[in-house]
Amino acid sequence: MPELPEVEVVRAGLEPAVTGATIVAVTVLDDRALTRHTGGAADFEATLTGRVVQAAARRGKFLWLPLAAREGVAAEEAVVGHLGMSGQLLLRATGAAVERHERIRLDIQHPAHGELAVVFADQRTFGSLAVDRLVPTPDAAPGGWGTSEPSVPSQVAHIARDPLDPAFSDRAFRDAVRRKGSAIKRVLLDQTVASGIGNIYADEALWAARIHPETIARTLSARTVGRLLAEVRAVLEKALAEGGTSFDAQYVNVNGQAGYFAHSLHAYGRTGEPCTRCGRPIVRVSFMNRSSHFCPHCQKEPRPV
DNA sequence: GGAATAACCTGGATGC
DNA sequence: TGCATCCAGGTTATTC
């Protein structure tokens, strides 16, 4: 389940291999991996072949590779990707055997590293790649990690910056949270409030901040929201330092290696196990068609409003 | 306009 | 052993 730390590990792994590389061939094995691309597989292949990748950038859970301009097209473009639930971007040798669940392959030629293949594999096909135009950022700050250009793919423009982005506005986050009449966990998962947070890190940050996931967001004080944001950042930074969270083969870096943060979890996936703070069992409840894990002793249920 | 919900999707786990 | 069912969850379209 790739969230911000996992996607950042992938971006950082891709960056040195793709920056300055030319895409020499594109192979689409499964059209479903192009659900965000408007022109279909043939258009995707034709649009990318021969283009030079300028960087590897990320905002929240979205990745993009800005492309050098092409003759006759004024708009700046990028390959934008989302890993969904089970997507992987892998670096392989040119001509390497087709991966299980491989959907798209980009063969590239790098001036220093030679020939490589960027493989997009995805078991559940929730992820996708697309060619998209770049649009200016409203605040004129860089679009995200890995780029100094003040632009983002149009498909990414609607989501907020992520909490590790230097241009993230703590004040805007606090104001947005305190306007919401929904449960705080729902708000944390809302990518237009803050991007990059998924089910795992939402549970972990709420546990760390001792906030019950069903607390109505606007009932939280500004100080509590500030504390929660600090815990969000802490859990994301720790997960990033440990290479992300891997429960199975669903998340790996570009070399196919797993992360270690699963060993540092306090709430997510620990149903029935003792809370590392108070010793009482962690509980799991169904929430928004998914799971929510918390300590009912440390994270008191909110009183009815 | 804000909030809630369903649908998309595949493979592993579980139960019968 | 084989089949059916459940579950995992990020995003988006739809509904209320």
Side-chain angles (χ1 to χ4, degrees), chain A residues 1-8 10-11 29-38 58-64 80-89 99-104 120-130 132 152-160 162 175-206 213-219 232 236 239 244-252 258 261-262 265 267-272 282-294 305:
Chain A
M1 287 149 270
E3 302 182 27
L4 185 156
E6 293 77 33
V7 180
E8 175 54 26
V10 171
R11 187 207 65 79
L29 298 161
D30 190 333
D31 286 0
R32 291 176 301 175
L34 290 174
T35 53
R36 288 185 173 88
H37 183 77
T38 52
R58 179 194 58 75
R59 178 186 289 195
K61 303 168 195 171
F62 281 90
L63 282 167
W64 69 94
V80 58
H82 195 292
L83 301 180
M85 284 287 295
S86 52
Q88 300 172 339
L89 278 166
E99 296 283 331
R100 195 179 183 201
H101 308 306
E102 181 169 333
R103 311 295 181 189
I104 294 173
F120 178 65
D122 189 7
Q123 178 197 98
R124 298 178 198 170
T125 65
F126 275 29
S128 65
L129 299 183
D132 192 17
V152 291
S154 68
Q155 297 178 14
V156 184
H158 69 288
I159 72 167
D162 62 65
D175 292 348
V177 169
R178 300 193 70 212
R179 279 196 303 268
K180 296 283 187 178
S182 311
I184 184 61
K185 178 162 177 184
R186 182 183 290 274
V187 176
L188 283 182
L189 295 175
D190 184 344
Q191 303 297 297
T192 66
V193 175
S195 63
I197 305 166
N199 207 37
I200 297 173
Y201 299 114
D203 278 358
E204 290 301 305
L206 289 167
E214 293 182 37
T215 307
I216 299 301
R218 65 177 168 225
T219 67
V232 166
L236 292 176
T245 305
S246 300
F247 293 107
D248 48 32
Q250 292 309 311
Y251 162 68
V252 292
F261 191 70
L265 295 173
Y268 183 87
R270 297 191 65 246
T271 309
I282 296 292
V283 302
R284 170 190 171 278
V285 297
S286 184
F287 180 77
M288 289 174 65
N289 286 331
R290 53 206 56 177
S291 297
S292 216
H293 306 79
F294 62 97
V305 183

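The model shown is predicted, which means the values in this text are computed figures rather than measured ones. Just so it is clear: chains get the letters A, B, ... in the order the sequence lines come, proteins before strands, and each one is counted from 1. Only this structure's heavy atoms are used, side chains among them; waters, hydrogens and symmetry mates stay out.
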Whole angstrom value for the distance that separates [atom2] of [N] from [atom1] of [X]:
{"X": "A:Q88", "N": "B:dG11", "atom1": "CD", "atom2": "C1'", "result": "14 Å"}
{"X": "A:E3", "N": "C:dT11", "atom1": "CD", "atom2": "P", "result": "9 Å"}
{"X": "A:Y268", "N": "C:dG10", "atom1": "OH", "atom2": "C1'", "result": "12 Å"}
{"X": "A:H82", "N": "B:dC9", "atom1": "NE2", "atom2": "C1'", "result": "15 Å"}
{"X": "A:R290", "N": "B:dC9", "atom1": "CZ", "atom2": "C1'", "result": "14 Å"}
{"X": "A:Q123", "N": "B:dC9", "atom1": "CD", "atom2": "C1'", "result": "9 Å"}
{"X": "A:Q155", "N": "C:dT12", "atom1": "CD", "atom2": "C1'", "result": "12 Å"}
{"X": "A:H158", "N": "C:dG10", "atom1": "NE2", "atom2": "P", "result": "14 Å"}

*Residues that A:F294 engages under ring pair (Phe, Tyr, Trp, His ring centres under 6.0 Å), provided they are two or more places apart*: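 A:H212.
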
*A:H101: ring pair (Phe, Tyr, Trp, His ring centres under 6.0 Å) partners, not counting sequence neighbours*: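 Result, ring pair (Phe, Tyr, Trp, His ring centres under 6.0 Å) vs A:H101: none returned.
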
*Which residue lies more 5' along DNA chain B, comparing A:T125 with A:R100 via nearest heavy atoms*: A:T125

*Which residues satisfy the side-chain hydrogen bond (donor to acceptor under 3.5 Å, both in side chains) test with A:T215, sequence neighbours excluded?*
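Per chain and number, A:T215 pairs via side-chain hydrogen bond (donor to acceptor under 3.5 Å, both in side chains) with no residue.
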
*Only counting residues at least two apart or in another chain, list the ones meeting side-chain hydrogen bond (donor to acceptor under 3.5 Å, both in side chains) with A:R284.*
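So A:R284 forms a side-chain hydrogen bond (donor to acceptor under 3.5 Å, both in side chains) with A:S291.
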
*Net bend of the helix from B:dG2-C:dC16 to B:dC16-C:dG2, end axes of five pairs each, nearest 10 degrees*: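 Between the axes fitted at each end of the helix from B:dG2-C:dC16 to B:dC16-C:dG2 lies an angle of 50°.
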
*From the options C:dG10, C:dC7, B:dG11, select the nucleotide whose nearest atom is closest to the side chain of A:H101.*
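The answer is B:dG11.
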
_Among B:dT10, C:dT12, C:dG10, which nucleotide has an atom closest to any side-chain atom of A:N199?_
C:dG10

_Holding to side-chain contact (heavy atoms from CB on, under 4.5 Å), I want the full list of residues that pass it with A:S154, two or more places apart in sequence or in another chain._
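A:S154: side-chain contact (heavy atoms from CB on, under 4.5 Å) contacts with A:D132, A:R133, A:V135.
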
*Counterpart residues, side-chain contact (heavy atoms from CB on, under 4.5 Å), relative to A:T38 (two or more places apart)*: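 If we apply the side-chain contact (heavy atoms from CB on, under 4.5 Å) test to A:T38, skipping adjacent residues, there are no hits.
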
*Would you say A:D203 and A:K185 make side-chain contact, with heavy atoms under 4.5 Å?*
yes

*For residues A:P5 and A:A239, report the shortest heavy-atom separation together with the two atoms involved.*
CG-CB, 3.7 Å

*Using a cut-off of less than 4.0 Å, is there contact between a side-chain N or O of A:S291 and OP1 or OP2 of C:dA8?*
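Yes, within the criterion.
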
Tabulate atom names and distances for all N/O pairs under 3.5 angstrom spanning the protein and nucleotides 1-4 of chain B.
unit_1: B:dA3; atom_1: OP1; unit_2: A:G181; atom_2: N; d: 2.9
unit_1: B:dA3; atom_1: OP2; unit_2: A:K180; atom_2: NZ; d: 3.3
unit_1: B:dA4; atom_1: OP2; unit_2: A:S182; atom_2: OG; d: 3.0
unit_1: B:dA4; atom_1: OP2; unit_2: A:R186; atom_2: NE; d: 3.0

*Enumerate the residues from residues 29-38 of chain A whose closest heavy atom to DNA chain B is under 4.0 Å, giving them by residue number; use none for an empty result.*
A:R32

*Going by number, which of residues 187-198 of chain A have a non-hydrogen atom under 4.0 Å from DNA chain B?*
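Within this stretch, nothing sits under 4.0 Å of the strand.
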
*Return yes if some donor-acceptor pair links the side-chain N/O of A:E3 with the main-chain N/O of A:I200 below 3.5 Å, else return no.*
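Checking the backbone N and O of A:I200 against the side chain of A:E3, a donor-acceptor pair under 3.5 Å is found.
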
_Test your reading of the model: is there a side-chain donor-acceptor pair from A:S128 to the backbone of A:T35, 3.5 Å cut-off?_
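Not confirmed, A:S128 side chain does not pair with A:T35 backbone.
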
*asked:* Going by salt bridge (Lys or Arg N to Asp or Glu O under 4.0 Å), name the pairs with one or both residues in residues 188-197 of chain A, residues two or more places apart or in two chains.
replied: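 Found A:K180-A:D190.
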
*Looking at residues at least two apart in the chain, or sitting in another chain, which of them share a salt bridge (Lys or Arg N to Asp or Glu O under 4.0 Å) with A:D30?*
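In terms of salt bridge (Lys or Arg N to Asp or Glu O under 4.0 Å), with neighbours along the sequence ignored, A:D30 is linked to A:R32, A:R103.
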
*With A:L89, which of A:I104, A:D122, A:V10 fulfils side-chain contact (heavy atoms from CB on, under 4.5 Å)?*
A:V10

*Going by an N to O cut-off under 4.0 Å, is there a salt bridge joining A:K61 and A:D162?*
no

